[in-house]
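FYI, side chains are in, hydrogens and waters are out, and symmetry mates aren't considered; it's all heavy atoms of this structure.
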2 protein chains.
Amino acid sequence: MAMQRCCPPPKLVRRDFEPAAALLKAVADPYRLTILATLAANDHEVCVCDFTDALPLNQPAVSHHLRVLRDAELVTCDRRGTWVYYQLAGDALERLNAALATIFRKKVHA
Amino acid sequence: MAMQRCCPPPKLVRRDFEPAAALLKAVADPYRLTILATLAANDHEVCVCDFTDALPLNQPAVSHHLRVLRDAELVTCDRRGTWVYYQLAGDALERLNAALATIFRKKVHA
DNA sequence: CCGCTGTATTGACAAACTTCGATACAATGG
DNA sequence: CCATTGTATCGAAGTTTGTCAATACAGCGG
């Protein structure tokens, strides 16, 4: 009565996806995407106060999102006097592409 | 006493990042990355039972993660008899790259 | 020093996500 | 039909995440 096996056992992928998932999670938020896109559109740095102006969030919430991006090392910050300026990390795009590549990289080929 | 303005007002980016964020959120999980990578590594389809074998999750949890990926239209499924086979959506990589591109696309240039 | 402004951190609460057990649904074999 | 197996959904924990109010910290001007 045993049915035949459903399919030949597939190649099981057993890598550690935690780092890639953590990086993707850091960008998987509309406000954080807005922040990153604003930084990308402005080659010069952007002051925190501009984000608090632009986003419908209060100042601590903006600071929280900036911290998530900082912890993921997708942005860097630089305090000059009273103000803190953020900019995109140089390898942000590269690291995000690498995270996506963990999904699609085939056996030997690419 | 008023200090000078912190910086020239930056180009404010005000796009709708909800769709991109939703797509990225769907992949921002280690188990779902494992599922996607397994599907990518196996050009043929993969049966649900293989995921329940490979992941340290019970069957409803696996089904939940597959549903998240289905809702994001990153995978498609096909029931044949008792078994359900999943495969990567053809445009999965393209759509994820497009989501990342929402961040980095500059004004006119690229 | 003191007060002021910009930013970061903390604590509390609500919402969302993940997981599990139980159960329902689908398809096959008897 | 009925029992069995594979898969999906439901409902209820536990955990994480996002937001706010309050507060702390940093740097400047007086």
Side-chain angles (χ1 to χ4, degrees), chain A residues 1-10 17-18 21-36 39 45-72 75-87, chain B residues 1-10 17-18 21-36 39 45-72 75-87:
Chain A
M1 86 270 310
M3 315 181 193
Q4 79 282 6
R5 177 116 179 68
C6 59
C7 54
F17 289 99
E18 293 281 356
L23 190 63
L24 291 169
K25 193 179 301 186
V27 302
D29 176 276
Y31 296 133
R32 293 199 287 272
L33 286 180
T34 303
I35 290 173
L36 290 173
L39 291 174
E45 310 154 306
V46 177
C47 181
V48 173
C49 61
D50 291 312
F51 293 123
T52 56
D53 288 349
L55 297 174
L57 296 173
N58 61 13
Q59 181 268 320
V62 171
S63 199
H64 162 72
H65 287 297
L66 289 171
R67 178 182 241 287
V68 172
L69 295 174
R70 248 188 303 133
D71 288 347
V75 303
T76 57
C77 64
D78 178 33
R79 165 161 241 144
R80 283 202 298 284
T82 307
W83 293 287
V84 178
Y85 299 87
Y86 279 76
Q87 62 180 333
Chain B
M1 86 274 305
M3 315 181 191
Q4 79 280 8
R5 177 114 179 69
C6 60
C7 52
F17 289 101
E18 293 280 357
L23 190 63
L24 291 168
K25 193 180 299 186
V27 303
D29 176 276
Y31 296 132
R32 293 200 286 271
L33 286 179
T34 303
I35 291 173
L36 291 173
L39 292 174
E45 311 154 306
V46 177
C47 180
V48 173
C49 63
D50 291 313
F51 293 124
T52 56
D53 288 350
L55 297 173
L57 297 172
N58 61 12
Q59 181 268 322
V62 170
S63 198
H64 162 72
H65 287 297
L66 288 171
R67 179 181 238 290
V68 172
L69 294 173
R70 247 188 304 135
D71 289 346
V75 304
T76 57
C77 64
D78 178 32
R79 163 161 243 144
R80 283 203 298 282
T82 307
W83 293 289
V84 179
Y85 299 86
Y86 279 75
Q87 61 181 335

Visitor: Go through the structure and list residues passing salt bridge (Lys or Arg N to Asp or Glu O under 4.0 Å) with R80(B), not counting sequence neighbours.
Guide: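 Testing R80(B) for salt bridge (Lys or Arg N to Asp or Glu O under 4.0 Å), a comparison that skips the adjacent residues, returns E45(B), D78(B).
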
Visitor: Only counting residues at least two apart or in another chain, list the ones meeting side chain to side chain donor-acceptor pair (under 3.5 Å) with N58(A).
Guide: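 Listed in chain order: nothing, the list is empty.
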
Visitor: Roughly, in whole Å, what's the span from OH in Y85(B) to C1' in dA27(C)?
Guide: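 Value for this atom pair: 12 Å.
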
Visitor: Scan nucleotides 8-10 of chain C against the protein and return all N/O pairs shorter than 3.5 Å with their distances rounded to 0.1 Å.
Guide:
from   : atom 1 : to     : atom 2 : distance (Å)
dA8(C) : OP1    : Y86(A) : OH     : 2.8
dA8(C) : OP2    : S63(A) : OG     : 3.0
dA8(C) : N7     : Q59(A) : OE1    : 3.4
dA8(C) : N7     : Q59(A) : NE2    : 2.7
dA8(C) : N6     : Q59(A) : OE1    : 3.1
dT9(C) : OP1    : R67(A) : NH2    : 3.2
dT9(C) : OP2    : R67(A) : NE     : 3.1

Visitor: Using whole Å, what does the distance between atom C1' of nucleotide dT16(D) and atom CD of E18(A) come to?
Guide: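 In whole Å, dT16(D) C1' lies 14 Å from E18(A) CD.
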
Visitor: Is the closest side-chain heavy-atom distance between H65(A) and L57(A) below 4.5 Å?
Guide: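 The answer is yes; the side chains approach within 4.5 Å.
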
Visitor: Are side-chain heavy atoms of R67(B) and R70(B) found at a separation under 4.5 Å?
Guide: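 R67(B) vs R70(B): side chains touch.
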
Visitor: Rounding to an integer number of Å, can you tell me how far L57(A) CG sits from dT7(C) P?
Guide: 15 Å

Visitor: Can you check the L69(B) CG to dC17(C) C1' distance for me, whole Å?
Guide: 14 Å

Visitor: Taking five pairs at each end, how big is the angle between the two axes of the helix from dC1(C)-dG30(D) to dG30(C)-dC1(D), to 10°?
Guide: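 For the helix from dC1(C)-dG30(D) to dG30(C)-dC1(D), the axes at either end differ by 10°.
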
Visitor: Between dT7(C) atom P and E45(A) atom CD, what is the distance in whole Å?
Guide: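 Between P of dT7(C) and CD of E45(A): 13 Å.
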
Visitor: Side-chain N or O of H65(A) less than 4.0 angstrom from OP1 or OP2 on dT17(D)?
Guide: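 H65(A) to dT17(D) OP1/OP2: no side-chain N or O under 4.0 Å.
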
Visitor: Expressed as a whole number of angstroms, how long is the span from D78(B):CG to dA26(C):C1'?
Guide: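 D78(B) atom CG is separated from dA26(C) atom C1' by 14 Å.
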
Visitor: Measure the CG-OG1 distance between L69(B) and T76(B) for me, rounded to the nearest 0.5 Å.
Guide: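 Here the interatomic distance stands at 11.5 Å.
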
Visitor: Rounding to a whole Å, what distance do you find between D71(B):CG and dA16(C):C1'?
Guide: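 It works out to 15 Å between those atoms.
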
Visitor: Looking at side-chain heavy atoms only, is the closest gap between V46(A) and I35(A) below 4.5 Å?
Guide: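 Counting from C-beta outward, V46(A) and I35(A) never come under 4.5 Å.
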
Visitor: Show the atom names and distances, to 0.1 Å, of all donor-acceptor pairs under 3.5 Å that link a side chain in residues 22-31 of chain A to residues at least two apart or in another chain.
Guide:
from   : atom 1 : to     : atom 2 : distance (Å)
D29(A) : OD1    : Y31(A) : N      : 2.8
D29(A) : OD1    : R32(A) : N      : 3.0

Visitor: Among residues 23-35 of chain A, which contact DNA chain C at a heavy-atom distance under 4.0 Å?
Guide: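 Contacts with DNA chain C under 4.0 Å: none.
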
Visitor: Do T52(B) and C49(B) have side chains that approach each other closer than 4.5 Å (heavy atoms only, starting at C-beta)?
Guide: yes

Visitor: Expressed as a whole number of angstroms, how long is the span from N58(A):CG to dC20(D):C1'?
Guide: 6 Å

Visitor: Could you tell me whether the side chain of L39(B) reaches within less than 4.5 Å of the side chain of F51(B), counting heavy atoms only?
Guide: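 Side chain of F51(B) against side chain of L39(B), heavy atoms only: contact under 4.5 Å found.
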
